Amino acid sequence: MPKTLLMYDKALQRIGDRLRGEALDLTLATFDRSGTIDVAGRKLAATEFAPDYVWLSSDINLDKFQDGAFACVETLRSVGYSRPSTPVSTTPSTGGCRRGGRPSATRAPRPSPSRSM
C-alpha cells in the first residue's frame with residue numbers, strides 16, 4: 001500500500017513533474033489556501049485526513065501562508081511520520097499540538113561546551 005504525502009498545492013505545481021518522475025510508491029495529496037485537502041480529486045477536510053508524511057516547503061513562505069498552513073497541519077487527524085531537520089528529544093514535550101494526543105518534537109539540549117585548560 002503506498003504511503004501518502006501531503007504538501008502545499010503550489011509546491012506540487014512547482015516540483016510535481018520531477019516528483020512523479022521518481023516513480024515513488026506515494027499517493028500525493030495537496031492542501032490549498034482554504035485548508036481543503038485534495039487526494040486524487042477527492043476533497044476532504046483536514047480533520048478527516050491522516051497522511052503518512054507532510055512536507056512543508058518554502059512555497060508556503062513565498063505565498064505568505066505560514067499561519068494557514070500550520071493551522072491545516074495542526075488539525076489533521078494524525079500524521080504517520082515526521083522527520084525534523086534538527087535533532088529532537090525522544091521524550092514528548094508537554095506543549096504538543098493544540099488538539100492533543102500527539103506529542104510534538106522538541107529540540108534536543110545542546111551539549112555544554114567543554115573547557116580545555
Side-chain angles (χ1 to χ4, degrees):
M1 174 182 243
K3 299 286 186 182
T4 306
L5 171 65
L6 176 65
M7 61 193 316
Y8 189 47
D9 60 350
K10 292 189 179 175
L12 184 60
Q13 289 170 10
R14 184 174 53 85
I15 68 159
D17 291 339
R18 283 189 301 177
L19 191 58
R20 288 182 198 95
E22 293 294 322
L24 301 171
D25 192 20
L26 282 175
T27 299
L28 298 175
T30 60
F31 64 94
D32 59 19
R33 288 188 71 88
S34 72
T36 302
I37 296 177
D38 184 320
V39 185
R42 214 173 93 219
K43 305 291 184 188
L44 300 169
T47 56
E48 302 171 14
F49 189 59
D52 295 294
Y53 304 97
V54 175
W55 183 50
L56 300 175
S57 67
S58 60
D59 299 280
I60 294 165
N61 293 340
L62 293 171
D63 213 19
K64 298 186 183 340
F65 186 56
Q66 297 95 324
D67 291 342
F70 285 109
C72 177
V73 171
E74 286 178 342
T75 58
L76 289 170
R77 189 173 56 172
S78 70
V79 176
Y81 177 77
S82 173
R83 180 174 179 235
S85 58
T86 57
V88 294
S89 84
T90 54
T91 32
S93 77
T94 54
C97 292
R98 281 189 225 158
R99 295 207 151 266
R102 296 186 318 249
S104 66
T106 56
R107 288 184 187 262
R110 291 182 183 245
S112 312
S114 61
R115 294 189 173 175
S116 54
M117 304 243 175

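Computed from a predicted structure; not experimentally measured.
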**Message:** Hydrophobic clustering (ILVMFWY, side-chain heavy atoms < 4.5 Å, transitive) - are I60 and L62 grouped together?
**Reply:** no
**Asked** Mind checking whether V54 and L44 sit in one hydrophobic cluster, side chains of I, L, V, M, F, W, Y counted as touching below 4.5 Å?
**Response**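 The answer is yes; both residues are in one hydrophobic cluster.
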[X]: side-chain hydrogen bond (donor to acceptor under 3.5 Å, both in side chains) partners, not counting sequence neighbours:
X   : answer
S58 : none
E48 : none
T36 : S34
K43 : D38

**Asked** Measuring from K3:NZ to L26:CG, what's the distance to the nearest 0.5 Å?
**Response**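 Rounded to the nearest 0.5 Å, the NZ-CG separation comes out at 10.0 Å.
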**Request:** Nearest 0.5 Å please: distance from the CG atom of D32 over to the CG atom of L12.
**Result:** 12.5 Å
Atom of [X], atom of [Y] and distance for their closest heavy-atom approach:
X   : Y   : result
T4  : D52 : N-OD2, 2.8 Å
S78 : P51 : O-CD, 3.3 Å
I37 : A46 : CD1-CA, 3.6 Å

**Message:** Suppose the criterion is side chain to side chain donor-acceptor pair (under 3.5 Å): which pairs have a residue in residues 9-22, not counting sequence neighbours?
**Reply:**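 Residue pairs with at least one partner in residues 9-22: K10-D63, R14-D59.
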**Item:** Residues V39, T27; criterion side chain to side chain contact (heavy atoms under 4.5 Å, CB included); working and verdict
**Value:** CA-CA 8 Å; V39 185; T27 299; 4.1 Å; yes
**Asked** Does anything in residues 2-29 pair up under ring-ring contact (aromatic ring centres under 6.0 Å, His included), and if so which pairs, sequence neighbours excluded?
**Response**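 Those involving residues 2-29 are Y8-F31, Y8-F65.
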**Request:** Give every residue pair that meets the ring-ring contact (aromatic ring centres under 6.0 Å, His included) criterion with at least one member in residues 9-28, sequence neighbours excluded.
**Result:** none
**Message:** With a 4.5 Å cut-off on side-chain heavy atoms, are L76 and T47 touching?
**Reply:**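 They are not in contact (no side-chain heavy atoms under 4.5 Å apart), so the answer is no.
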**Item:** Test item: P2 and D25 side chains (from C-beta on) under 4.5 Å apart, heavy atoms
**Value:** yes
**Message:** Under the side chain to side chain contact (heavy atoms under 4.5 Å, CB included) test against W55, which residue among L19, L28, I15 passes?
**Reply:**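 Among L19, L28, I15, the one that satisfies the side chain to side chain contact (heavy atoms under 4.5 Å, CB included) with W55 is I15.
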